[in-house]
Amino acid sequence: MPPTLASLVQHSALKLTVRAGADRLDTPVRWAHASELADPVPYMDGGELLLVTATNLDAENADSMRRYVRRLAGAGVAGVGFAVGVTYEDVPEALVEAAEEAGLPLLEVPRRTPFLAISKAVSAAIAADQYRAVTAGFEAQRELTKAALAGDGPADLLARLAVHIDGWAALYDTSGAVLAAAPDWAARRAARLTPDVERLRDRPAPASVVVGDNEDRVELQSLGTGRRARGALAVGTGAALGTAERYAVHSAVALLTLTTARSRSLQGAEQRLGAAVLRMLLAGQPDHARAVAGDLYGELLDAPFRLLIAEASAPAGTELLTETMEAAAARTGEALLLVPEAERVVVLAADGGSAVAACASYAEAQDDRAPREGGGEDSDVVVGLSAPSGPIAVSAAYKQAEQALSVARRRGRALVEHEELAAGSVLPLLADDAVRAFADGMLRALYEHDAKGRGDLVASLRAWLSRHGQWDAAAADLGVHRHTLRYRMRRVEEILGRSLDDPDVRMELWLALKATAASVRAED
């Protein structure tokens with residue numbers, strides 16, 4: 001620890017005597033400085049032991065000393081060393097009383113102790129403290145490096161770091177989830193800092209922030225050297241980090257960043273292997289794919305999985321989603337096959353697993369954050385998710401994900417599952433500009449006829465089609481005679497130039513009526 005006033009008083013060669021502020025001798029001393037200025041405060045940084053002989057001071061004037069001492073205390077001076085036997089034979093009572101009143105330590109310096117001796121003692125103590133800090137920092141670096149090279153994960157490294165800083169430490173992934181913490185009780189405390197970690201993640205690495213107060217001080221450090229952080233380290237202590245503790249934290253950040261970078265390199269190799277496995281599955285070669293997958297992806301291919309395709313306007317758009325899914329899979333030990341393709345990424349993930357759940361949560365949060373009407377081009381990420389599949393049906397699952405992705409774009413949603421399309425209605429698909437244009441063109445002549453007051457052909461056609469061509473039932477719905485309805489349907493055929501006996505014509509007309517009705521409802 002740095003020198004204190006107490007350590008200087010206890011220094012046998014200095015022979016210092018405490019005249020005031022005996023209860024504040026634990027104050028650290030950053031330097032010893034001699035000054036005979038009547039107001040040395042503009043030249044002080046705080047934490048100094050000010051050495052004076054009172055050459056230019058009216059040290060016996062109570063008011064003058066009160067102002068002098070108060071100004072020194074306000075500037076953060078650690079204490080005053082007053083040399084006796086130079087200007088004054090003894091420390092003036094006015095100065096002693098002012099120091100007691102302000103709570104500023106006052107030390108009497110005997111005539112035979114030069115100020116230089118005090119400065120050397122402070123300098124030597126500071127140098128010794130720095131040497132101890134550097135030595136402790138190197139020792140911490142060795143221990144932390146040994147823990148990182150052991151390959152047992154970050155838990156041992158965090159445990160050793162917590163001992164060195166006399167506090168706790170926690171590691172977060174890119175989503176802000178706690179991966180490991182030491183001691184064990186710190187995991188709950190670390191989890192409460194997830195919002196702070198998320199804000200730190202959005203800043204370019206390296207970045208740091210301090211949260212909490214002096215009794216619960218937590219420092220967050222981002223991990224990574226790229227555009228975005230790859231994780232974060234939190235260290236909690238009861239006070240600001242000292243030099244030795246700072247060395248330990250910096251070493252931990254460097255080691256964890258190196259580990260993260262190494263993991264990214266391994267991940268790149270895994271992705272290349274995953275791409276080969278996916279190509280074999282799409283080519284209908286599940287046996288070859290399983291052989292290549294080995295232990296890395298074999299477990300994934302042995303159970304039902306989902307295929308998802310995520311797309312964004314730039315690669316960075318899918319990056320956060322994939323990192324979120326990777327973090328979720330890592331926490332539960334799931335295999336995850338991920339293949340980037342330009343602005344999109346293809347993923348195989350266990351059906352019902354944490355990675356698929358994380359994707360759904362991410363998409364839901366994105367929809368809540370930026371609700372849109374139609375068109376997915378404003379989405380950060382658009383995802384299409386297949387139904388549960390197996391190795392022999394990956395090609396079909398890929399088509400399902402493509403179809404779901406296309407619908408997600410049109411509907412302005414972040415995620416659409418293929419099962420929604422299979423279980424839903426075809427009518428929502430009619431809400432498309434091209435379909436509405438086709439419907440308007442097909443029915444325009446009938447609408448123009450009705451607008452001139454010559455009959456209600458559109459309503460009659462809708463009633464007749466809804467009753468599957470049953471004349472009596474449709475006429476009853478309209479409140480007209482069936483012969484009137486037959487006449488109207490002949491007029492429809494004449495105006496459109498198409499036969500209502502053709503089932504394709506009836507189908508197109510019905511869909512056109514549905515599309516125009518949906519358009520009218522949307523406008524209302």
Side-chain angles (χ1 to χ4, degrees), residues 173-177 198 201-202 271 274 278 282 300 303-332 334-390 393-432:
D173 63 20
T174 53
S175 69
E198 291 175 343
R201 180 189 61 201
D202 296 331
Q271 287 179 356
L278 180 61
L282 291 173
L300 178 62
F305 53 77
R306 298 285 193 112
L307 188 148
L308 70 86
I309 301 175
E311 185 178 79
S313 57
T318 58
E319 189 174 327
L320 186 56
L321 170 63
T322 55
E323 288 177 353
T324 301
M325 295 181 66
E326 287 172 339
R331 287 194 295 272
T332 57
E334 294 178 13
L336 189 69
L337 191 155
L338 188 149
V339 182
E341 295 180 351
E343 287 83 27
R344 62 194 300 179
V345 63
V346 181
V347 181
L348 290 186
D351 179 39
S354 59
V356 173
C359 177
S361 298
Y362 182 93
E364 182 179 356
Q366 180 174 295
D367 282 335
D368 292 342
R369 190 169 60 247
R372 295 167 296 277
E373 294 183 1
E377 52 271 3
D378 291 335
S379 301
D380 295 334
V381 180
V382 184
V383 181
L385 185 63
S386 77
S389 183
V394 171
S395 181
Y398 192 94
K399 291 179 181 178
Q400 291 176 355
E402 285 273 23
Q403 293 166 351
L405 179 68
S406 178
V407 173
R409 283 196 219 98
R410 288 200 302 271
R411 296 185 182 178
R413 291 173 52 186
L415 171 68
V416 168
E417 296 188 41
H418 185 268
E419 290 166 306
E420 293 181 47
L421 307 180
S425 169
V426 73
L427 296 180
L429 301 179
L430 301 180
D432 182 272

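Just so you know, these numbers use all the heavy atoms, side chains as well, and skip hydrogens, waters and symmetry mates.
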Are [X] and [Y] close enough that some pair of their side-chain heavy atoms sits under 4.5 Å apart?
| X | Y | result |
| --- | --- | --- |
| M325 | V347 | yes |
| V383 | L321 | yes |
| L338 | V345 | yes |
| I309 | V382 | no |

To the nearest 0.5 Å, how far apart are [atom1] in [X] and [atom2] in [Y]?
| X | Y | atom1 | atom2 | value |
| --- | --- | --- | --- | --- |
| L405 | R410 | CG | CZ | 10.5 Å |
| Y398 | L308 | OH | CG | 11.5 Å |
| L307 | L278 | CG | CG | 6.5 Å |

Where is the tightest heavy-atom contact between [X] and [Y], given as atom of each residue plus distance?
| X | Y | value |
| --- | --- | --- |
| F305 | L300 | CD2-O, 3.6 Å |
| T332 | S354 | OG1-OG, 2.9 Å |
| A329 | A355 | CB-CB, 4.3 Å |
| A363 | L415 | CB-CB, 3.5 Å |
| E334 | A350 | OE1-CB, 4.4 Å |

Give a yes or no answer on whether the side chain of [X] reaches the backbone of [Y] with a donor-acceptor pair at less than 3.5 Å.
| X | Y | value |
| --- | --- | --- |
| Q400 | A387 | yes |
| S406 | E402 | no |
| R306 | S386 | yes |
| E311 | V381 | no |
| T318 | R344 | no |

*Does a salt bridge link E364 with R413, judged by any charged N lying under 4.0 Å from a carboxylate O?*
no
